[in-house]
K.L.:
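I'd like to ask you about the structure that follows.
Side-chain atoms are counted along with the backbone in the values below, which use heavy atoms only and exclude waters and symmetry mates.
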Amino acid sequence: MSSDQERRHLRVSVRLRVRIRSEEGEELLFFTRNVSLGGLFLLIQPPLQTESQLRMELLTGREAIAVKGRVVRSEEYGCAFEFQDVDSETTERLRSLIATLLDRSASAVQSIAHSRV
């Protein structure tokens, strides 16, 4: 089975800031490459090791969405992060974020299409 068939959630390409606090209390900021209800791809170098677990906050501009999970795949420029133990409130906040991002993308595509007519 291909990785596309194994995906359970729609991914949205988006560059969101992500805040991670180190064990020493230092605040680190990174960016996403994409986000879904099930996880995100974090642009981070060097990438974290597979199975690493951490807590982070997605900074949407309007709010911070706290999530925790584990690294399921590492690549040269970052790692795929799977959310774990997501409560229903956080799921709804993620769902709302993704819906907003998709609406913006659809509006941008329609704008481009109308400008070429």
Side-chain angles (χ1 to χ4, degrees):
M1 186 180 292
S2 76
S3 61
D4 285 339
Q5 292 172 322
E6 293 172 3
R7 291 194 176 122
R8 293 172 284 183
H9 304 286
L10 175 69
R11 293 178 183 195
V12 179
S13 294
V14 64
R15 187 174 166 104
L16 291 175
R17 287 184 308 149
V18 175
R19 179 173 43 219
I20 300 174
R21 285 190 172 72
S22 70
E23 292 178 7
E24 297 79 29
E26 180 183 8
E27 187 175 287
L28 307 168
L29 292 174
F30 300 97
F31 289 95
T32 62
R33 181 168 71 191
N34 59 53
V35 176
S36 78
L37 278 179
L40 57 81
F41 191 91
L42 186 65
L43 297 170
I44 183 172
Q45 284 188 316
L48 303 170
Q49 290 185 337
T50 303
E51 299 301 321
S52 296
Q53 301 208 6
L54 53 109
R55 295 175 186 271
M56 63 179 70
E57 293 177 303
L58 289 169
L59 306 175
T60 69
R62 294 188 334 245
E63 64 178 336
I65 303 173
V67 292
K68 66 178 180 175
R70 69 184 179 93
V71 175
V72 293
R73 187 181 77 253
S74 286
E75 297 177 4
E76 183 178 357
Y77 296 106
C79 52
F81 182 82
E82 178 183 57
F83 299 144
Q84 295 181 313
D85 303 323
V86 180
D87 61 30
S88 59
E89 179 184 336
T90 302
T91 297
E92 284 310 309
R93 292 170 72 192
L94 288 166
R95 192 181 316 275
S96 176
L97 170 65
I98 290 167
T100 299
L101 293 168
L102 288 171
D103 284 347
R104 286 182 191 162
S105 293
S107 294
V109 168
Q110 287 176 349
S111 251
I112 292 168
H114 288 291
S115 70
R116 292 185 179 182
V117 173

K.L.:
How about Val18 and Ile44: do any of their side-chain heavy atoms sit closer than 4.5 Å?
P.N.:
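Answer no - side chains too far apart.
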K.L.:
Within the 4.5 Å heavy-atom criterion, are Arg33 and Tyr77 side-chain neighbours or not?
P.N.:
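No, side chains not in contact.
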K.L.:
As an exercise, state the distance from CZ of Arg55 to CZ of Arg21, rounded to the nearest 0.5 Å.
P.N.:
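Reported to 0.5 Å precision, the distance equals 12.5 Å.
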K.L.:
Can you find a pair of side-chain heavy atoms, one from Gln53 and one from Lys68, that are under 4.5 Å apart?
P.N.:
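With C-beta onward as the side chain, the pair stays apart.
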K.L.:
State which residues pass salt bridge (charged side-chain N to carboxylate O under 4.0 Å, His left out) with Glu63; sequence neighbours excluded, sorted by chain then number.
P.N.:
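Per chain and number, Glu63 pairs via salt bridge (charged side-chain N to carboxylate O under 4.0 Å, His left out) with Arg93.
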K.L.:
Would you check if Leu58 and Leu94 make a side-chain contact, meaning some heavy-atom pair closer than 4.5 Å?
P.N.:
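Of all side-chain heavy-atom pairs linking Leu94 with Leu58, at least one is under 4.5 Å.
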K.L.:
Would a distance-only check, ignoring hydrogens and angles, find a side-chain to backbone donor-acceptor pair under 3.5 Å from Thr32 to Leu16?
P.N.:
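Flag set: sc Thr32 to bb Leu16 pair under 3.5 Å.
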K.L.:
Could you state the interatomic distance from CD (Glu57) to CZ (Arg17), rounded to the nearest 0.5 Å?
P.N.:
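Glu57 atom CD to Arg17 atom CZ measures 11.0 Å (nearest 0.5 Å).
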K.L.:
Hey, does Leu97 have a side-chain heavy atom less than 4.5 Å from the side chain of Val14?
P.N.:
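A side-chain contact under 4.5 Å is absent here.
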K.L.:
Please walk me through it: do Phe81 and Leu54 pass side-chain contact (heavy atoms from CB on, under 4.5 Å)?
P.N.:
CA-CA 9 Å; Phe81 182 82; Leu54 53 109; 3.9 Å; yes
K.L.:
Atom CD of residue position Glu27 - does it have more than 12 heavy atoms of other residues, nucleotides or ligands inside 6.0 Å?
P.N.:
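Counting neighbours around CD of Glu27, more than 12 heavy atoms of other residues, nucleotides or ligands fall under 6.0 Å, so yes.
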K.L.:
So, Thr100 side chain and Ser96 main chain: donor-acceptor pair closer than 3.5 Å or not?
P.N.:
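Yes, Thr100 side chain to Ser96 backbone: donor-acceptor pair under 3.5 Å.
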K.L.:
Out of curiosity, Leu40 CG to Phe83 CZ, how far, rounded to the nearest 0.5 Å?
P.N.:
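If I round to the nearest 0.5 Å, the distance is 4.5 Å.
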K.L.:
Run the side-chain contact (heavy atoms from CB on, under 4.5 Å) check on Arg95 and Leu37 step by step: do they pass?
P.N.:
CA-CA 7 Å; Arg95 192 181 316 275; Leu37 278 179; 3.4 Å; yes
K.L.:
Report the residues that fulfil salt bridge (charged side-chain N to carboxylate O under 4.0 Å, His left out) with Glu51, sequence neighbours left out, ordered by chain and then residue number.
P.N.:
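Partners of Glu51 by the salt bridge (charged side-chain N to carboxylate O under 4.0 Å, His left out) criterion, ordered by chain and then number, come out as Arg70.
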K.L.:
Working to the nearest 0.5 angstrom, can you tell me the gap between Thr60 OG1 and Leu101 CG?
P.N.:
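If I round to the nearest 0.5 Å, the distance is 9.0 Å.
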K.L.:
With the 4.5 Å side-chain cut-off for hydrophobic clustering, are Val35 and Leu59 part of the same group?
P.N.:
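No; tracing contacts between hydrophobic side chains, which count when under 4.5 Å, never links both residues.
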K.L.:
Is there a donor-acceptor pair closer than 3.5 Å between any side-chain N or O of Ser74 and the backbone N or O of Cys79?
P.N.:
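No, Ser74 side chain to Cys79 backbone: no donor-acceptor pair under 3.5 Å.
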K.L.:
Determine, using the 4.5 Å side-chain heavy-atom cutoff (strictly less than), whether Val86 and Leu10 are members of one ILVMFWY cluster.
P.N.:
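Shared cluster, yes.
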K.L.:
Is Val71 linked to Phe31 within one hydrophobic cluster, defined over Ile, Leu, Val, Met, Phe, Trp and Tyr using a side-chain heavy-atom separation of less than 4.5 Å?
P.N.:
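Val71 does not cluster with Phe31.
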K.L.:
Ala64 and Arg19: which non-hydrogen atoms are nearest, and at how many Å?
P.N.:
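What the structure gives for the nearest pair is CB-NH2, 4.2 Å.
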K.L.:
Could you check if a side-chain atom of Phe41 sits within less than 4.5 angstrom of a side-chain atom of Glu75, using non-hydrogen atoms only?
P.N.:
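They are in contact (side-chain heavy atoms under 4.5 Å apart), so the answer is yes.
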K.L.:
Applying side chain to side chain contact (heavy atoms under 4.5 Å, CB included) between Met56 and each of Leu28, Val67, Ile65, report the one that passes.
P.N.:
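Only one of Leu28, Val67, Ile65 forms a side chain to side chain contact (heavy atoms under 4.5 Å, CB included) with Met56, namely Val67.
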